[in-house]
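Below is one structure; the comments refer to it alone.
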Amino acid sequence: MEREGLEWIGGFLHMLVSWGASSAMIFGGVVPYIPQYRDIRRTQNAEGFSIYVCLMLLIANILRILFWFGHHFESPLLWQSIIMIVTMLLMLKLCTEVRVANELNPKRRSFTDFDTAFFWHWSRFIDFIQCVLAFTVVTGYITYLFLDSSLFVEILGFLAVFTEALLGVPQLYRNHQNYSTEGMSIKMVLMWTSGDTFKSAYFVLNQAPFQFTICGLLQVFVDIAILLQVYIYSAYPQKPVSHATHATGAKAL
């Protein structure tokens, strides 16, 4: 009787830990963007946040969902992708509204202009939606045609996680250009690093497809590189920033 009770407690604790890990996996990825969203709303300035973060995360998570149709993986990872897509669209909506409101001489630019010089810098949120839908339809159709090819499915999975792994590269490049990390929240970078470390461990322990593990580790290395920039550029004087160009602190992908 006592042994059965211990087994029940052990099983319950295992289920509780598993549920907690899955919940952290589903919602943990969007947590760093909550303070960023609040900062942008408070300051009404989005200069410190690169909307290319949203672009890369949208591409990565759309491809990951398509990968799921060819190679089913853990359900929490699928739900994570869905929630991240919604989060990035909300970030895009806010950033677009704030940027357009702050432009002194706004000139309307739209997705249907097909002007590469202003790609992903359109004046209306609906243009971003059109672009995302176009990408989803095209990649979805290609995936449908080649879904029976194991090589195509594996390449699709690699592209999904590799794109996400490069999430921090635009911020890394922006910091290098400015010789400064002003406007970038160190707290958020630490959250990215801890989250990516947890995610990589989750991939290993749950025997996720190898693409997930390799690219998760790459993402950790990029996060560490950004933290090193914080230390290195702390020796440089910070540039004065006007309200129109004030950075609000974000991971500029």
Side-chain angles (χ1 to χ4, degrees), residues 27 29-65 80-140 160 163-164 166-175 177-178 180-185 187-189 191-192 226 239 241-253:
F27 298 103
V30 304
V31 170
Y33 299 97
I34 295 175
Q36 180 62 58
Y37 186 91
R38 295 178 64 185
D39 281 348
I40 294 174
R41 282 185 63 94
R42 177 176 55 83
T43 63
Q44 285 299 295
N45 194 290
E47 291 297 323
F49 180 77
S50 171
I51 56 176
Y52 287 105
V53 175
C54 303
L55 173 63
M56 295 189 74
L57 278 174
L58 285 168
I59 291 175
N61 285 283
I62 290 170
L63 292 179
R64 185 194 286 184
I65 291 173
Q80 181 200 52
S81 292
I82 295 172
I83 291 174
M84 184 60 79
I85 288 173
V86 174
T87 302
M88 289 301 102
L89 290 176
L90 290 174
M91 288 294 297
L92 271 176
K93 185 175 186 297
L94 176 63
C95 290
T96 303
E97 291 173 350
V98 169
R99 176 171 52 82
V100 171
N102 288 339
E103 287 181 346
L104 299 177
N105 186 24
K107 179 181 179 182
R108 176 162 292 187
R109 299 181 290 267
S110 65
F111 170 64
T112 52
D113 292 337
F114 300 112
D115 187 345
T116 56
F118 295 103
F119 176 77
W120 211 246
H121 287 282
W122 303 303
S123 304
R124 300 176 305 165
F125 176 62
I126 189 64
D127 292 297
F128 293 94
I129 295 294
Q130 290 172 355
C131 181
V132 170
L133 287 177
F135 176 79
T136 303
V137 169
V138 172
T139 53
T163 303
E164 185 176 359
L166 297 178
L167 181 64
V169 172
Q171 181 69 60
L172 198 70
Y173 181 67
R174 171 176 287 185
N175 294 343
Q177 279 189 314
N178 297 335
S180 170
T181 57
E182 185 177 7
M184 184 190 71
S185 170
K187 179 180 178 181
M188 282 204 308
V189 178
M191 291 173 70
W192 298 328
I226 295 175
K239 301 176 182 179
V241 183
S242 64
H243 174 73
T245 59
H246 178 66
T248 57
K251 183 178 186 178
L253 207 186

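Source: prediction; values computed, not measured.
A pairwise comparison of heavy atoms in Phe135 and Thr139 identifies O-OG1, 2.6 Å as the closest pair. Closest of all the heavy-atom pairs between Leu94 and Arg41 is CD2-CG, 3.6 Å. The shortest heavy-atom contact between Ala160 and Ala60 is O-CB, 3.3 Å. Shown here for Gln130 and Thr112, the closest heavy-atom pair between the two residues is OE1-CG2, 4.1 Å.
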Check the pair Ile51, His121 against side chain to side chain contact (heavy atoms under 4.5 Å, CB included), reporting the backbone distance first and the verdict last. CA-CA 8 Å; Ile51 56 176; His121 287 282; 4.0 Å; yes

Please lay out, stage by stage, how Phe118 and Asp127 fare under the test side chain to side chain contact (heavy atoms under 4.5 Å, CB included). CA-CA 12 Å; Phe118 295 103; Asp127 292 297; over 6 Å; no

Are Val31 and Met191 close enough, and set up right, to give a side chain to side chain contact (heavy atoms under 4.5 Å, CB included), and what steps lead you there? CA-CA 8 Å; Val31 170; Met191 291 173 70; 3.2 Å; yes

When you look at Val132 and Leu92, which way does the side chain to side chain contact (heavy atoms under 4.5 Å, CB included) test go after all the steps? CA-CA 12 Å; Val132 170; Leu92 271 176; 5.5 Å; no

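Below 30°, between 30° and 60°, or above 60°: for Trp120 and Phe128 the angle between ring planes is above 60°, a perpendicular geometry.
Using a 4.5 Å heavy-atom threshold, the side chains of Arg108 and Val100 count as separate. The shortest side-chain heavy-atom distance between Glu164 and Leu63 does not fall under the 4.5 Å cut-off.
Here the straight-line distance linking atom CD1 of Ile129 with atom CZ of Arg124 works out to 12.0 Å at 0.5 Å rounding. In this structure, CG on Asn61 lies 9.5 Å from OG1 on Thr87, to the nearest 0.5 angstrom. The structure places CE of Met88 at 12.5 Å from CE of Met56, a figure rounded to the nearest 0.5 Å. Expressed to the nearest 0.5 Å, how far CG of Leu55 lies from OG1 of Thr163 amounts to 9.5 Å. Taking NZ from Lys93 and CD1 from Ile126, the interatomic distance works out to 11.0 Å, rounded to the nearest 0.5 Å. Taking CZ of Arg64 as the reference point, atom CE of Met84 lies at 8.5 Å (rounded to 0.5 Å).
Taking Phe125 as the reference, nothing meets the ring pair (Phe, Tyr, Trp, His ring centres under 6.0 Å) condition, with sequence neighbours excluded. Contacts of Phe27 classified as ring pair (Phe, Tyr, Trp, His ring centres under 6.0 Å), with partners at least two apart in sequence or in another chain: none. Thr116 pairs by the side-chain hydrogen bond (donor to acceptor under 3.5 Å, both in side chains) definition with nothing, not counting sequence neighbours.
No donor-acceptor distance shorter than 3.5 angstrom exists from the side chain of Arg99 to the backbone of Ser123, with no hydrogens or angles considered.
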